[in-house]
Structure formats: C-alpha cells, structure tokens
Amino acid sequence: MICVMDQVFHISTEKYSYLLRINRHGLPEHLHFGAPIQMEDHLALACKPGLGWGGSIILDEKDPASCPDIMPLEFSGNGRGDYRESSIEIDGKAVDFRFVSSRIFKGIPPMTQGLPQAKDGEETLEIVLEQPGSRLKLYYTAFDTVLTRRAVLENTGDAPLQLHKLMSFCVDIFGDFEMTSFHGNWIAEMRPHKQAVTGGRVVNESSTGFSSFRHQPGFLLSEPCATEEFGQVYGFNLVYSGNHYSSCQQSFQGLTRVMMGINPSNFVKVLEPGDVFETPEAVLTWSDWGFNGVSSNFHRFINHHIVPEYWRFKERPVLFNSWEGCMFNFTHSRLVDLAKRAKKLGCELFVLDDGWFGKRDNDLAGLGDYNVNMKKLPYGLKGLADKINELGMQFGLWFEPEAVNPDSDLYRTHPDWALTDDHPDLCGRHELLLDLTKPEVRDYIVENVSRVLDSANISYVKWDMNRHSIALGAKAHDYILGLYDVLGRIFVPRPHILLESCSSGGNRFDLGMLCYSPQVWCSDDTDPIERLTIQGGLSYLYPQSTFGAHVSAAPHAQTLRATPLTTRGNVSFFGCLGYELDLKHLLGVEEKEVIAQAAFYKAHRMAFQFGDFRRVNSRGGVCWQVTGENVTLAGLFHKLESAAPGYEKLRLVGLDQQKRYHVISRAQKLRIGVFGNLVKHIAPVDVDPNGALLRTVDHHVMLDDSAEELTASGAALHSGVMLHNRFAGTGYDKQQRTQGDFGSNVYVVTEAE
C-alpha cells in the first residue's frame, strides 16, 4: 500500500518499505529502501547534514546545509549544485525540477508509447516535478516483492527540446556495497563480476543496439559480507531490450547513487511542444536473506507479472530441436524419422529449425524470404505439421524475421529496407538488419510471419536474431519500439503459441523480451559444464521457467568436451528441458537413459520450472535446489575429478527443520568403459581397453551407479548429510559414486511418512 503524510510517501508490502519525502527545497529526497518500517520513522531515517560541507553550492543562503550535492535524492538534475552524475540531460543546459503535486493510482497507469510493462501492480505513486518549459513525472508501482520505477518527460514550452538522457530511476542509498554484474560473449554468457563501489563510477552498459550478452542489464548491490543466504542485497533490472546504462558511485558522505535507463550514448530525442517521452520500466528489489532472497523476489515477480498471462505457471513441453542433428541438411522423411525417434524417447514438441524457406541451404542466403523450400518439404509446412501431429507431438518453427541476406529476393526488391548509415554496409553472419523503424517493413514481417503461422498447426516459435553490430545510432530506441510493435501484432492475437526468444543464444535475455516470450534460449553453448555458469548466472535475475536448456551430443561442438549423458540431462532439468542432437546415433543404453530423463522430468516438471530456486554452498561442487509444492529437488554437480576426493555433504536450505524427510537419488547407470585399464584387473582374460570387445559391451551393458537413500530431519539437511564417497582409484562399488570428471546427481526430497 502507499500512504502519504505531509509530503512523506511510504510504499510498503510484506517484503519491503520504500520511503521518500519532498524536502523544504521541493526536491524528492530518499529516506529508506529495505526492511518494513513505519511511516513515523521518517525523521529518524533522514540524513542530518548539520552545517553542510564547504565547497558546495547552496540552494538557500539562510540554510548552509541546503547543498544538493550531499542530499540523498530520488532524481537529480545538473548545473544546480549536484556534482554527482545527473539522471537527465536536456539541451545541454542546467536542469532544476521542483515538486508540484502527487497522486496515487490503483493499479498501474498504462504506457502510451509502445514499451512493455509489468502487469497487475497494486498501487502507483505519481510525483510531478516542473521547471520552466518542461514537466517530469516519476512513477513508483508497488508489487509484492519488487518496486518498479519510470519517468515521463513532457515539453510544456513553446520551443523544441533536445533530450539526450533520461534515466528510468535514480536513487541514493547509504552504505558500502559491491556490485555484481554479468558479462560475456557468444557461447560464454553470464560470467559474474564483482567489484567494490567507491568514489569512481562503476558503469554497466550495452551499446550494441540490444540488451546484449556482453553486459546483461540486470545487476546486484550487496553488503561486502553478504552470502547466498545472509546479508542485505539490492537487485535492479530493466524492462527493455535495447541499449541500457547503469551506474553506481559512492559519494564522500557514503551515499551510493544508483541509476538505470536507456544508454545516453548516441541517444537524442527531439520533443516538440506538447510531446512526451517515457522511459522503460525499471525493477528494484531488496532482501536481507542474501542473494537467494533477491533472486526469489525477481523470480516471483517475473512469473506473476512479466511473462504473458496465458503462459504463467503453464508447463513447458519437452522439445526436440532439429538444428544440431540436421542443420540445413534435411528432407521431409528425415524430419519425420527424427520426430518418431523423439516421440519414442518422450519428447512432446518437434521444432524445425533453420533452412525451411527460400534458398536457405546455408547461412549465406534466404533471410527475408518466406516461401517454403518445396524441394526439402514437398508437402509443405502443413504436410509436415500434420504428420508430426499424427505422431502425438506438437510442431514448432524457427524464424529470423529481423534480418535479411543480401542474397535474397527481399533485398533485391527492397534494398532500402535494410538498416544502413552513411557508410558502406557491413554484414554480420552475412546479414543486415531490416529497418524496423519503417512501418512498411514492420507490416511485411507481421504479414508474412502471421501467414506462415496460420498455414499449419504451429504451437511454438523460436524467434532468432543473429545480427548484433548494427547501424542504429540515434534510431536505436525507435528500432526497439518497432520490434515490440511487431511482436505484439503477431503474438498477442495468438497467445497459445509458445514464443522462445533467441539472439545467438542469450544476446537478448531481458525483461522486455520476456513480456512477449515466456522463455529465452540461454546460450548456443549446450555443454553442461558451461551451462553451470550460464544458467547459474541467469538464476540471480531470472526464474528457471524462462531458460531453454537442451541436451546435445558429446563431445560438445562449443568446447570439444565429453560429458556424461546423465550430467547433460541433470543440468537441463533446471530449466525448460529439450534435446538437440542426431537421435539415430544414440546407443541403446543412451536411449534408455533419455527415456528415463524425460519421464523423471515430466513427473517433477512443475517443481523444476516453477519451484523456488536456490543456489546452495557446496564443498567442491555446484548445488542447485528447487522446492515445489510437495517435493524438493537438488542437483549436485562436479567439474574436474581429483584423486582421492574427501567426504562430501548434501546441504539443503528452506526445509522445515522439525520435520523428517526422505532423500533418494535419481537412478543412474555407469558405462564399463570409463574404467579403462582397470578392467584388466577383474576380467578373466586380457582385455584391450580400446578394443572391440569393451566397446561392444559398453553399447549394451551398464553398471548401477551409487544409489543414495536416507531419512533425516530438516535440521540435519540444513547442516548437511554425508553422501557416499566418490571414486578414489580403488575400483567399482555400489556404495560409491563412480563418476569421474563432470559427474552429477539429482536428489528427490519428500516428507517422510
């Protein structure tokens, strides 16, 4: 709820309080963001500057402490005494907005310029500030676990304004913090980076035109002592898919200024008299339960208020994607054969990836064209979809609508539709982007994608975008608005279609895309050991229901690393499970493992996709935990094996410490070939570890890996229960986890009867 008393505003839920006031100079002053408090606490929480500091400009000669530079503000202008970074730049002139009025809305006022926003907010506070010629409105919307903020600027004068910067929010929080941001590149997304916030500005930004896997928009601020389960942590993110900018900087007085919004680099917006510009919505959250507490707040918010309503808490199907199995080389009969195999293994959705249209036999040609390649698909998409449906599977299709190949009918007809600047065209992956700022281009995409979707029973779309370094410049924001227009026109009338966003993997994993696509393809890297970093990094900001996670062939195309099929499945369980490999090359024992994986996942799908996710500290491994309505599932993953490993515990959090729980590991099999030369010690004959005999046995016979089963209290599980020891160079035993490099287990935890 939102309460107002003498120009003090208190936004409160069961999770947090946010307190601000309008000070005697008409500036919005920040008082508190954190644990729930009372309105009456506002005087105790306000900064007490005394006589202020020398070297500062003062707003009132009678008040030596009226220095904007030392105030904890909710919005900052420039040129009027605040020497910290400003959240707005207009015409290169001083900015001095002062309070005019406020009001409270039930729900959330809708955006008017095409930006997506969270749904079903409880209440919204509007604070209106003015200066001669312009009006600024600051919006605060309360959700149960987060607060959203945005700003709207209106030209109230009689001359145009040039807007170069307007942040979605600015806030000054007292304290010492470390900033955790997430950086990376193609097939190497979401590498966490932690650094102290001091007097030098710390910036996290994207300048590629999109939210970018180089610098993920979401970030965290934490007390230096914070852990996964303890300490104060703040989280910030942006409901936007374009160039973003965030900065943190600590003042001499100990105030950490945080701001976030559209990247001002190359940004300019001319506002004619009467024009309005609105920023993307920013998301702020807080927890004193460490990083897991902030993650839980984000996850709940996204699942309840960001993803399209049709897909909220709706189970995602187990899919098979044709790309790594076929790439561009397929026929109707080959796809049907793959679908039959996938159905037998437990897949529910068959996805035809790239190569179904135009002259698309490689990535050199065809993008922009939508005519079906009848040589590959003589019965068309409908014929293929009907055949897939007859097998009892859903059918999905890949698109890359934002791009065009110079070798395409579209480009030859409309070269002016490509997004270019005053320099010669530069291609990325043999592509140019289409100019989505042009209505005729958006109409072409909407018409053709809609026509294809309505031509067959298509229930899933993978929307890819592989062109990153682009000639957007000042058109970057308008391009993103054009993208949102296209997505809305195609998919809002077709809510049943499961849209999975992709951009060379996780290049556009952001809250803006999640308003249209309930899940995003995390990364083109399907190596599960790499996915521990990628999915683990994403889990700080996004729920596992949004992760596309596939099992692929090993050695992996991205790392040449060979990993066990069990681990590939176990990692992918903690997302939206899929398979992406040539199924005809699976051994019989591998087919049995995939069947078991799919069945296990379906039995616990709601918990894996929508359960409360936690990262749990583990000695020597990576531990993920999800807790659903009646079950807790934990994955324990290892990277390189060491000789003679020590004891290891399974530790779980969040269980009722007074109750008793039954813990059992998912059954796993072990290939005899992993023992190599050790087989000679037990075989009655001399066995070549690389010979035909052992290879043949490996194809048909497997050993049971250690099965863990125990009963313990929630208190004991919180402390950690001992597991069977790992392989220590002494042979095979059923009471030993014989896994070697990249081994893993998944444990099922239920209340004991």
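We count residues from 1, following the sequence as given.
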A.B. asks: Tell me whether the centres of the aromatic rings in His304 and Phe313 are closer together than 6.0 Å.
C.D. replies: yes
A.B. asks: Less than 4.5 Å apart, any side-chain heavy atom of Leu115 and any of Glu281?
C.D. replies: no
A.B. asks: Minimum heavy-atom separation for Cys248 and Val258, please, with both atom names.
C.D. replies: SG-CG1, 4.1 Å
A.B. asks: Just so I know, are the side chains of Val351 and Glu500 near enough to count as touching, which here means a heavy-atom distance under 4.5 Å?
C.D. replies: no
A.B. asks: Hey, can you tell me if Phe574 and Phe608 have their rings parallel, tilted or perpendicular (30° and 60° cut-offs)?
C.D. replies: perpendicular
A.B. asks: How about Leu633 and Trp624: do any of their side-chain heavy atoms sit closer than 4.5 Å?
C.D. replies: no
A.B. asks: Looking at Arg726 and Glu641, is any side-chain nitrogen of the basic one under 4.0 Å from a carboxylate oxygen of the acidic one?
C.D. replies: yes
A.B. asks: Check for a donor-acceptor pair, side chain of Asn243 on one end and backbone N or O of Thr208 on the other, with a separation under 3.5 Å.
C.D. replies: yes
A.B. asks: Heavy-atom distance under 4.5 Å between the side chains of Val746 and Phe573, does that happen here?
C.D. replies: yes
A.B. asks: With Phe399 as reference, evaluate Trp463, Tyr460, Phe491, Trp356 under the ring pair (Phe, Tyr, Trp, His ring centres under 6.0 Å) test and give the passing residue.
C.D. replies: Trp356
A.B. asks: Hey, are Asp527 and Gln558 close enough side-chain-wise for a donor-acceptor pair under 3.5 Å?
C.D. replies: no
A.B. asks: Does Asp485 have any side-chain contact (heavy atoms from CB on, under 4.5 Å) partners at least two apart in sequence or in another chain, and if so, which?
C.D. replies: Arg442, Arg489
A.B. asks: Do other residues, nucleotides or ligands put more than 12 heavy atoms under 6.0 Å from the NZ atom of Lys165?
C.D. replies: yes
A.B. asks: Please step through side chain to side chain contact (heavy atoms under 4.5 Å, CB included) for the pair Tyr579 and Gln597, ending with a clear verdict.
C.D. replies: CA-CA 11 Å; Tyr579 291 86; Gln597 288 179 2; 2.7 Å; yes
A.B. asks: Mind listing the closest non-hydrogen atom pair of Ile534 and Ile187 along with its distance?
C.D. replies: CD1-O, 4.5 Å
A.B. asks: Which heavy atom in Asp510 sits nearest to a heavy atom in Ser241, and how many Å separate them?
C.D. replies: OD1-OG, 2.7 Å
A.B. asks: Counting only N and O atoms by type, is there a donor-acceptor contact under 3.5 Å from the side chain of Thr285 to the main-chain atoms of Gly235?
C.D. replies: no
A.B. asks: Can you confirm whether the side chains of Ser504 and Arg429 place a donor and an acceptor under 3.5 Å from each other?
C.D. replies: no
A.B. asks: I'd like to know if the side chain of Tyr542 pairs up with that of Gln216 as donor and acceptor (distance under 3.5 Å, no hydrogens or angles considered).
C.D. replies: yes
A.B. asks: Do His244 side-chain atoms and Ser212 backbone N/O form a donor-acceptor pair below 3.5 Å?
C.D. replies: no
A.B. asks: For the OG atom of Ser523 and the CG atom of Leu538, what is their distance to the nearest 0.5 Å?
C.D. replies: 9.0 Å
A.B. asks: Please examine the side chains of Asp478 and Lys269, heavy atoms only from C-beta on, and report whether any two atoms are closer than 4.5 Å.
C.D. replies: yes
A.B. asks: Check whether the ring centres of Phe236 and Trp286 lie less than 6.0 Å apart, and answer yes or no.
C.D. replies: no
A.B. asks: Are Asn303 and Ser545 close enough that a side-chain donor and a side-chain acceptor fall under 3.5 Å?
C.D. replies: yes
A.B. asks: Less than 4.5 Å apart, any side-chain heavy atom of Leu436 and any of Ile445?
C.D. replies: yes
A.B. asks: Whether Arg561 engages the ring of Phe742 as a cation-pi pair (distance to the six-membered ring centre under 6.0 angstrom, angle to the ring normal within 45°) should be assessed.
C.D. replies: yes
A.B. asks: Charged N to carboxylate O below 4.0 Å: is that the case for Arg614 and Glu228?
C.D. replies: no
A.B. asks: Give the minimum heavy-atom separation between Val571 and Pro528, together with the two atoms involved.
C.D. replies: CG2-CB, 3.8 Å
A.B. asks: Phe182 and ring pair (Phe, Tyr, Trp, His ring centres under 6.0 Å): which partner among Tyr540, Phe219, Phe213?
C.D. replies: Tyr540
A.B. asks: Under a 3.5 Å distance rule, please check whether Arg316 uses its side chain to pair with a backbone N or O of Trp311 as donor and acceptor.
C.D. replies: yes
A.B. asks: Taking the six-membered ring for Trp, are Tyr484 and Tyr516 closer than 6.0 Å centroid to centroid?
C.D. replies: yes
A.B. asks: Does Phe230, at its CZ atom, have more than 12 non-hydrogen atoms belonging to other residues, nucleotides or ligands within less than 6.0 Å?
C.D. replies: no
A.B. asks: What is the minimum heavy-atom distance between Gln544 and Val626, and which atoms define it?
C.D. replies: NE2-CG1, 3.6 Å
A.B. asks: Judged by atom type as modelled, is there a donor-acceptor pair below 3.5 Å linking the side chain of Gln117 to the main-chain atoms of Met111?
C.D. replies: yes
A.B. asks: Is the ring pair His215/His183 parallel, tilted or perpendicular, if the boundaries are 30 and 60 degrees?
C.D. replies: perpendicular
